[in-house]
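One structure below.
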Amino acid sequence: MRSEDVNISYFDSVTSTNDVLKEMALKGAPSGTVAVAWNQTQGRGRMGRTFHSPNGGLYMSVLLDMDTSLTITAKAAVAVRRAIYEETDRETSIKWVNDLMYKGKKVCGILAEGIGDKIVLGIGINFSIRQKDFPSDLRDIAISLYDGPEKVDSDSVDLVNGIVKNLLGIIDDPSFINDYRRYSCLIGKEVNVIQAGNVTGKGKVVSIDDNCALHVLDEKKGEMVLSTGEVSIRI
Ligand code: BTN
């Protein structure tokens, strides 16, 4: 994606910015097209989950060439983390594979989907949703950068521009892996390994390799190398 190809469209409310961008791609939109919405009625996450998407969040999707990189979602996590820090001063950490955490709760999720020869990279950020307004099942695990509308739309637009700028800077930069490791909230932590919804192992996270795979030293199975799936931190 080149900076001169970036073309950002803003929408008040959509089903899912990933779907809007897929439709645009089918009609010939080029790489660099970006769709942003302030509300999604059918926001979706990884593993078939819904992504809670009320006003106060920032929902955006970026169209990229398919060959961009196998590690694009990890790169996106690093790019979004940098943009959040630059634009809001908030320090977030990266929870493998590509969630961002703030004060121990999830503040951002990333979902990449294919369409033809392109990738739709979807990024959802809880920007200024009041903590008390999260549904009860999310209140303990989700958080916003700001607890309520102390910030306005122009601040979100600054964040959109910051994310695009940092994505452009990271796509061809293999050194992203240094920040991916440095800001991981998992290294050294005891975790449950979850695959297809089931706990398949337990152990300590020992490292993240250059392919962004997570190495977990399992109590019974020895070292597990995880390329997909998720983990939960054991408290
Ligand atoms: C996850 O946490 O599992 C990934 C969440 C991805 C949410 C974003 S919001 C913009 C884009 N549109 C969607 O419907 N999903 C992604």
Side-chain angles (χ1 to χ4, degrees), residues 8-26 29 33-64 71-81 83-84 92-102 104-115 118-129 134-135 137-145 153 156-157 159-164 166-167 180 184-186 194-197 212 214 226-233:
I8 306 178
S9 301
Y10 288 89
F11 302 89
D12 276 337
S13 181
V14 297
T15 50
S16 154
T17 54
N18 271 23
D19 288 342
V20 168
L21 201 56
K22 282 183 182 177
E23 275 171 35
M24 292 168 88
L26 288 173
T33 305
V34 181
V36 180
W38 309 123
N39 175 294
Q40 296 184 122
T41 54
Q42 291 168 43
R44 62 175 175 275
R46 296 174 66 229
M47 308 190 191
R49 296 183 187 126
T50 58
F51 189 77
H52 182 59
S53 306
N55 284 342
L58 168 55
Y59 314 103
M60 64 186 284
S61 301
V62 183
L63 196 59
L64 298 169
T71 51
I72 186 62
T73 55
K75 286 180 174 168
V78 174
V80 175
R81 203 207 79 84
I84 288 176
T92 55
S93 59
I94 301 169
K95 180 167 176 285
W96 182 88
V97 183
N98 47 35
D99 287 345
L100 291 185
M101 309 295 283
Y102 179 55
K105 297 179 181 178
K106 177 163 165 170
V107 73
C108 168
I110 296 171
L111 173 71
E113 297 177 318
I115 175 87
K118 297 204 164 37
I119 295 174
V120 172
L121 178 70
I123 300 164
I125 299 175
N126 301 326
F127 189 75
S128 58
I129 305 163
F134 279 105
D137 58 328
L138 293 182
R139 215 167 289 150
D140 291 340
I141 54 173
I143 194 168
S144 284
L145 295 170
D153 282 357
S156 316
V157 171
L159 185 52
V160 169
N161 290 328
I163 289 170
V164 170
N166 276 287
L167 263 180
Y180 190 64
S184 167
C185 63
L186 291 183
I194 303 165
Q195 275 160 332
C212 302
L214 193 74
L226 309 174
S227 304
T228 58
E230 61 186 332
V231 297
S232 67
I233 298 175

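Just so it is clear, the structure is predicted and the values come from calculations on it, not from any experiment. Just the heavy atoms: all of them, side chains too, but no hydrogens, waters or symmetry mates, feed the values below. We count ligands from 1, going down the list as the structure has it; atoms in each ligand are counted the same way.
- Every pair passing salt bridge (charged side-chain N to carboxylate O under 4.0 Å, His left out) that includes a residue from residues 13-22 is listed here, sequence neighbours excluded: Asp19-Arg44, Lys22-Glu113.
- Applying the salt bridge (charged side-chain N to carboxylate O under 4.0 Å, His left out) rule to Arg46 yields no partners; only residues at least two apart in sequence or on another chain are considered.
- In the model, Asn98 has a side-chain atom that pairs as donor or acceptor with a side-chain atom of Thr73 under 3.5 Å.
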May I have a table of the N/O to N/O pairs between ligand 1 and the protein that fall below 3.5 Å, each row giving the two atom names and the distance to 0.1 Å?
from: ligand 1; atom 1: 2 (O); to: Lys106; atom 2: NZ; distance (Å): 2.4
from: ligand 1; atom 1: 3 (O); to: Arg46; atom 2: N; distance (Å): 2.7
from: ligand 1; atom 1: 12 (N); to: Thr17; atom 2: OG1; distance (Å): 3.3
from: ligand 1; atom 1: 12 (N); to: Gln40; atom 2: OE1; distance (Å): 2.9
from: ligand 1; atom 1: 14 (O); to: Ser16; atom 2: OG; distance (Å): 2.8
from: ligand 1; atom 1: 14 (O); to: Arg44; atom 2: N; distance (Å): 2.8
from: ligand 1; atom 1: 15 (N); to: Arg44; atom 2: O; distance (Å): 2.7

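- Ring-plane geometry between Tyr10 and Trp38 is classed as parallel, the angle between the planes falling under 30 degrees on a 0 to 90 degree scale with a further cut at 60.
- Residues passing the side-chain contact (heavy atoms from CB on, under 4.5 Å) test with Lys118, sequence neighbours excluded: Ser31, Leu63, Asp65, Ile115.
- A 6.0 Å sphere centred on CG of Asp137 holds more than 12 heavy atoms belonging to other residues, nucleotides or ligands.
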